[in-house]
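Input: a single structure, listed below in structure tokens.
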Amino acid sequence: MKGKYMLLAAAMLSMLSCRREPSVQDGVPPVQAPIVRLSEEIAQDAVLVKFSSALSEEERLEVEDGRGVSLQKIFPSTPGKEELERRFGLDRWYEATLREDEDVHGKARELSRLGRVELVQYASIAQRQASPAFTAAFPQDTRAEAASVFNDPYLSMQWHYRNNANAAVSPKVAYGADINVTDVWAQLSCGDPEIIVAVVDEGVKYTHPDLRDNMWMNPGEIFGNGIDDDGNGYVDDVYGYNFVTNGPVSWDTVDSRGIGDSGHGTHCAGIIAAVNNNGKGVAGVAGGSGKGDGCRIMSCQIFSGAAGGSSSITGRAIKYAADMGASVLSCSFGYGVSFTSDDAYVKSVGSVEIDAVHYFEATCNNPVIDGGIAVFAAGNDGHAYAHYPGAYHDIISVSAFGPDGLPTYYSNYGPGCNISAPGGEAYHAVNRWESMVLSTIPSEIPSLGFNGDYNKTGLDYGYMQGTSMACPHVSGIVALGLSYAKKLGKTFRRDEFKQMILSSVNDIDSRIGASGPKTYAYSQKDLPLGPYYHQMGTGAIDAWRLMMHIEGLPTLTAQTGRQQWIDLTAAFGTASVSLTYIDVSVPAQTVESLGLQKIRPADSGKYPATEDAGGYAYVQFGRLYIHPTKIGSGKIHVSAVGGGDHLGGGGNPPGGMEMCQEISLIARDADGGNGTGGWL
């Protein structure tokens, strides 16, 4: 497979904008706002204008009069949301459409001189590089592995959920380099249909056999009648909306040059919530258990064919997601240009988008947190910083690692990158695709073969790689966490929940530090790993750890393949070493998940030890003794005496109080600490 055929799964946009200058009063000599030129690719027929206050109809007509523009609001107002719209300035944004004979640069300068104009931005033309999905002929008799919790036939090929070091994935595959989600499915939660994830991307194929049952549907809209039934300003927005064509969602628009939709949005949607346990295809992170309990996907389409992706289109899509009930924003796109700061980004291209993101974050659409969570891809250029919008300080930006648990050659890293997730990585072996990420794609889209030919395979599944794939892994885990919190009746502040996400990680630096340069079978080039050390955010996201944060349980980490003592200070405090332990029990599910072996400490006869009834664990001097043989997650129960060496009560001499702790335990192939690995 040649490098030019690799999937660049984050859409790269180049934009031209205007930098803000202080507004001037009418009658005062105008100060022209300098133009920041980031690209030659700008729309010639429109500019975006933010006024210092909302315009009345008379004022709007006055601006239009004699200036050769038609002024329309970018953001439709939603009844009941007027105060929130004013809070984030959405009521003050307009798109000024020019006549054919008008010069866009001259018109931008003219509008910037108006006294009430706060900011002028050029309207961008999106430039995407997204190749068709890479597919292979899947065996017809493939079945999910026996130990799997679901019956989806391709689940065993999704190493990013549970990585069992299958050499068919990669010669350098690493045991446990995944998101640790299968035990969450088996023991805790599979999703909740009231938690909605907005996929801001290409359109999602809502008829896909592995997605249709988990698609969000607008209850107030009737499909295909050409009427805005619910009066929200959007016609036929049943599964979401196409903000490029202002019509129903589409996913298979390709022009005569073969440029167009790539299946990117459908692939991301499948990672988040492909229907689980339905005997079809793949599994999704928050796809439910096959009982209609998966999280829902809302398609907010900002790319259609070769068009779309501008700030105004993106802003409208994000506001729509907030107004129509989404709790998570999954955005696998970004800008290929760099900015020196958040202010530089906002003043050049990002003001419309950031205003919309902040509106989304402040909109409460579920009973768990007081707002929404926005997740973005960090970028695919190998830069030592995240690309915007993800680099913005209050947005979660996701870098990518491969099946070897190491940073991918394409992933951005460093400042602005908050957390890491599986993005897939080819080149691990010649003609090896299994090391990429497998998910849903539209069967109508031409796919890429090893010979470099594009053809319609008629398959509904394919491989992609990129931070675009890492982003929906995190979005899906966020949705799964919200589902579990709802199940438990827990509530959190939005910022509190974001911090829980960033601390729900396994250490990635220990892998980086223990590895030499990465050598790829195809390119025969080395990737030095030193620059990535402490630069992949807080670490590799772990779904189980987030659920334990939600429960409020301490999580301990063990290493597979050896007997070991684990400190219980995190559960019982600094006095754990001097407590008297009276019970330890290990549920059968935990024994199975971690592959616990029956063990006996070498010094158990010399010192008293509290033993699990099955012989799978001992507690002694504030330490837990176990021997896991499989990567996995589970819980154990430990009891001790607080204030004495025996329990008080009844006819016994005065004694202590019983202290009972449920403890979360994760077994990985290397000791990654207790959830705080990495650096931000």
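In terms of the side-chain hydrogen bond (donor to acceptor under 3.5 Å, both in side chains) criterion, residue partners of Glu551 (sequence neighbours excluded) are, by chain and number, Tyr484, Lys635. Applying the side-chain hydrogen bond (donor to acceptor under 3.5 Å, both in side chains) rule to Asn276 yields no partners; only residues at least two apart in sequence or on another chain are considered. With sequence neighbours excluded, the residues forming a ring pair (Phe, Tyr, Trp, His ring centres under 6.0 Å) with Tyr413 are Tyr532, listed by chain and number.
Listed for the Lys498 side chain is a donor-acceptor partner under 3.5 Å among the backbone atoms of Asp394. Proximity of a side-chain donor or acceptor of Asp583 to a complementary backbone N or O of Ser639 within less than 3.5 Å is not detected. Gln187 places a side-chain N or O within donor-acceptor distance of the main-chain N or O of Ser633, the cut-off being under 3.5 Å. Under the 3.5 Å distance criterion, the side-chain polar atoms of Ser515 are matched with a main-chain donor or acceptor of Arg511. Side-chain atoms of Ser439 come within 3.5 Å of backbone atoms of Ile271 as a donor-acceptor pair (strictly under, hydrogens ignored). Side chain of Lys490 to main chain of Leu482: no donor-acceptor pair is present (N/O by atom type, distance under 3.5 Å, no hydrogens or angles). Judged by distance alone, with hydrogens and angles left aside, the side-chain atoms of Asp152 form no donor-acceptor pair with the main-chain N or O of Gly281 at under 3.5 Å. Checked by atom type and distance alone, the side chain of Trp185 never pairs as donor or acceptor with a backbone atom of Gly287 at under 3.5 Å. The backbone N or O of Ala400 lies less than 3.5 Å from a partner atom in the side chain of Ser411, making a donor-acceptor pair. Although no hydrogens or angles enter the test, the distance criterion places no donor-acceptor pair under 3.5 Å between the side chain of Ser593 and the main chain of Gln589.
Annotation for Pro517 and Asp526: closest pair CB-CB, 4.0 Å, computed over non-hydrogen atoms. Contact between Ser483 and Ile195 at its shortest, heavy atoms only, is OG-CG1, 3.7 Å. Here the shortest heavy-atom pairing between Cys417 and Ala386 reads SG-CB, 3.6 Å. Between Ala274 and Val282, the shortest heavy-atom contact is CB-CG2, 3.9 Å. When all heavy atoms are compared, the tightest approach of Ala283 to Leu155 is CB-CD1, 3.7 Å. Residues Arg562 and Pro628 share a closest heavy-atom pair of O-CD, 3.8 Å.
Between His160 and His473, the two ring planes are perpendicular [angle over 60°; tilted spans 30° to 60°]. Ring geometry for His387 against Tyr385 counts as tilted: the plane angle lies between 30° and 60°, on a 0 to 90° scale.
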Derivation of the side chain to side chain donor-acceptor pair (under 3.5 Å) call for His534 and Asp509: CA-CA 6 Å; His534 288 327; Asp509 286 326; 2.9 Å; yes
Legend entry - From CA spacing to verdict: side-chain contact (heavy atoms from CB on, under 4.5 Å), Val375, Ser330: CA-CA 5 Å; Val375 185; Ser330 188; 5.5 Å; no
Can Thr557 and Leu665 be said to form a side-chain contact (heavy atoms from CB on, under 4.5 Å), step by step? CA-CA 6 Å; Thr557 304; Leu665 188 64; over 6 Å; no
Q. Could you go step by step and tell me if Leu579 and Phe572 meet the side-chain contact (heavy atoms from CB on, under 4.5 Å) rule?
A. CA-CA 9 Å; Leu579 292 176; Phe572 288 95; 3.9 Å; yes
| field | side-chain contact (heavy atoms from CB on, under 4.5 Å) evaluation trace for Ile441 with Tyr463 | value | CA-CA 9 Å; Ile441 60 169; Tyr463 294 88; over 6 Å; no
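In the model, His393 has a side-chain atom that pairs as donor or acceptor with a side-chain atom of Asp342 under 3.5 Å. Tyr161 and Asn180 share no side-chain donor-acceptor pair at under 3.5 Å. A donor and an acceptor atom, one from each side chain of Ser664 and Trp544, are located under 3.5 Å apart. There is a side-chain donor-acceptor pair under 3.5 Å between Thr467 and Asn380. At a cut-off of 3.5 Å, with distance as the only test, no side-chain donor of Thr440 or His267 sits close to an acceptor on the other residue. There is a side-chain donor-acceptor pair under 3.5 Å between Gln465 and Tyr409. Side-chain N/O atoms of Ser170 and Ser435 include no donor and acceptor closer than 3.5 Å.
Asp381 is not listed as a side-chain neighbour of Tyr410, based on a closest heavy-atom distance of 4.5 Å or more. Using a 4.5 Å cut-off on side-chain heavy atoms (C-beta onward), Arg162 and Ile631 make contact. Side-chain contact between Val173 and Trp159: absent, with no pair of heavy atoms (C-beta onward) separated by less than 4.5 Å. In this structure, the side chains of Tyr625 and Val619 stay at 4.5 Å or more apart for every pair of heavy atoms. No side-chain heavy atom of Leu553 sits under 4.5 Å from any side-chain heavy atom of Ile663. Contact of the His627 side chain with the Thr629 side chain is registered, since non-hydrogen atoms from C-beta on lie closer than 4.5 Å. In this structure the side chain of Asn164 reaches within 4.5 angstrom of the side chain of Tyr175, judged on heavy atoms. Phe150 places none of its side-chain heavy atoms less than 4.5 Å from the side chain of Thr182.
Between Phe376 and Tyr392, the distance from one ring center to the other does not fall under 6.0 angstrom. When ring centroids are compared, Phe621 and Tyr581 stay outside the 6.0 Å threshold.
We find the CG-CG distance between Leu527 and Leu529 to be 5.5 Å, quoted to the nearest 0.5 Å. Summarising the geometry, atom CD1 belonging to Ile373 is positioned 6.5 Å from atom CZ belonging to Phe497; distances are rounded to the nearest 0.5 Å. If you take CE on Met464 and CE on Met469, they are separated by 5.5 Å, rounding to the nearest 0.5 Å. Atom-to-atom distance recorded for Asp183:CG and Leu188:CG is 8.5 Å, nearest 0.5 angstrom. Put simply, CG on Asp201 and OG1 on Thr266 are 8.5 Å apart, with the number rounded to the nearest 0.5 Å. Ile179 contributes atom CD1, which lies 8.5 Å from atom CZ of Phe401 (distance to the nearest 0.5 angstrom).
At a threshold of 4.0 Å, the pair Lys518-Asp404 counts as salt-bridged, since one of the basic side-chain nitrogens sits closer than that to a carboxylate oxygen. Look at Asp612 and Lys598 and you find no salt bridge, because none of the NZ, NE, NH1 or NH2 atoms lies under 4.0 Å from a carboxylate O. Remark: Asp178 engages Arg668 in a salt bridge, criterion side-chain N to carboxylate O under 4.0 Å.
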